[in-house]
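Single-structure report; data block below.
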Amino acid sequence: MFGMRHVLSMREFSRDEIDSVLDLAEALEPYARGGRCDALSGKILALLFFEPSTRTRLSFETAMMRLGGKTLNLGPAEGSAIAKGESLADTIRVIGGYADALVIRHPKEGSARLASQFSPVPVLNAGDGAGHHPTQTLLDLYTIRKESSLDDLKIALVGDLKYGRTVHSLAYALALYGADITLVSPPTLEMPATIKADLAGKGTIVRETHDLDSVIKDVDVLYVTRIQRERFPDPYEYSKVAKSYRVVPENLEEAKTGLIIMHPLPRVDEIAPEVDGTGHAVYFQQSFYGVPVRMALLKMLMGESR
Ligand code: NCD
C-alpha cells in the first residue's frame, strides 16, 4: 500500500495515511496478541540500532515474527565493520542488499534520512538523536484512539521538549488532528522554536507553561517524557533539571475521570510507581500497541498488496 517509501518523520504523513496505518493496526491486533499470520513470510527486516533500545527494537522484532517474517540484527557497532571505519552509507548499501526493509536508530540527527539516500529498500527511522521518532508517534496516536479520542483532543506534552524526539514527532501529527496542545517543560528544555513555528503555521493552538499542576485538570492526555540525559553536553546542566517534574497520585485529584497518562518509556522518576494503579496510567498498554502498529507499517511497506 505504501510501496517503496521511507518512514523518516511525521512531516511526510497526511492524516489519511496515518488513519490507514491505525485502521490496519486495529485489524492486526488479534495477531499481535498471538494469532497466526503469514503476510510477510519470506521477508527479512534488518535492525540497525546504534543506541540503546528495548521496546522499539523488540517490538519491531515481535511484529516481524508475528507476520511470519524474519529479522537480521547488526548488533553493537563494536562488533561490526563500523568499528573498522566503514561509513554509514556503505553499511546501508550492503545491508540493503540482504533485507527487504531497514530499521535504524542512531545518535545523530538526520542519520535516517542519510541512510534513505543510500538504501535500495525502505528505511524506517527508529529515532535519530534529538530529531524524530515517527513509528513511536503512530503507536502513540493508536493509544490515544483506543484509550481516549483523537477528536477535540486536549493534550499536554510534559518534560524534555528540547531533546525529546518522541514529542517532536508527536507534535506534528497532533497538528493534523487539530489538537489543542499545552507544552510543559523547564525553561531550558522548551520545544524548539522551529517546531513551534511550524505548528503555529498550521493553525494549531499551542500554549506554553512551566507549571504542570496548572494544566492537569484541563487535559484529556498527559504525555510525560524522560529528561534525555544522554543529549546534554554538560552533566551539571542535566543535574539542574533532572527532577523537574514528578507525577504522583496527589497531582491527579482534580483530573478528568477519563484522563490518560502516557509515556514512551523508559521512565526514570517522572511518574511515581503509585500512579500505575490509578486507572489513568496507560503506558504499558501503549508499549504493547507498538506491536500491532509496527505490524501494520511493515505490512504496508513489504506486503504483497503494497
Ligand atoms: C524513546 C526514545 O528512544 O526516544 N523511547 C522509546 O523509543 N520508547 C523515549 C526515551 O528514550 O526517553
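Position 1 is the first residue of the sequence; numbering continues from there. Each ligand, and each atom within it, is numbered from 1 in the order the structure gives. Note: hydrogens, waters and symmetry copies are ignored here, and every other heavy atom, side chains too, is used.
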Electrostatic pair [X]-[Y], nearest N-O below 4.0 angstrom:
{"X": "Glu61", "Y": "Arg55", "result": "no"}
{"X": "Arg165", "Y": "Glu51", "result": "yes"}
{"X": "Asp160", "Y": "Arg229", "result": "no"}

Interfacing atoms of ligand 1 (cut-off 4.0 Å, heavy-atom, [X]):
{"X": "Gln136", "result": "6 (C), 7 (O), 8 (N)"}
{"X": "Pro264", "result": "8 (N), 9 (C)"}
{"X": "Gln228", "result": "10 (C), 12 (O)"}
{"X": "Thr56", "result": "6 (C), 7 (O)"}
{"X": "Leu265", "result": "1 (C), 5 (N), 6 (C), 8 (N), 9 (C)"}
{"X": "His133", "result": "2 (C), 4 (O), 6 (C), 7 (O)"}

Under 4.0 angstrom from ligand 1, any heavy atom of Gly290? no

Min heavy-atom dist Thr225 to ligand 1 below 4.0 Å: no

Return the residue, atom name and 0.1 Å-rounded distance of the protein heavy atom closest to atom 4 (O) of ligand 1. Arg165 NE, 2.7 Å

Identify, for atom 10 (C) of ligand 1, the protein heavy atom at the shortest distance, and state residue, atom and that distance. Arg226 NH2, 3.4 Å

Closest non-hydrogen atom pair between His106 and Ser111, with its separation: CB-OG, 3.0 Å

Taking all non-hydrogen atoms of both residues into account, name the closest pair between Ile260 and Ser148 and its distance. CD1-CB, 3.8 Å

Over 12 foreign heavy atoms within 6.0 Å of CG, Asp152: no

Just heavy atoms, cut-off under 4.0 Å: does Glu51 contact ligand 1 by side chain, backbone, both, or neither? neither

Same cluster for Leu252 and Ile155 if Ile/Leu/Val/Met/Phe/Trp/Tyr side chains link at under 4.5 Å? no

Distance only, no hydrogens: is a donor on one side chain within 3.5 Å (strictly under) of an acceptor on the other, for Tyr142 and Glu147? no

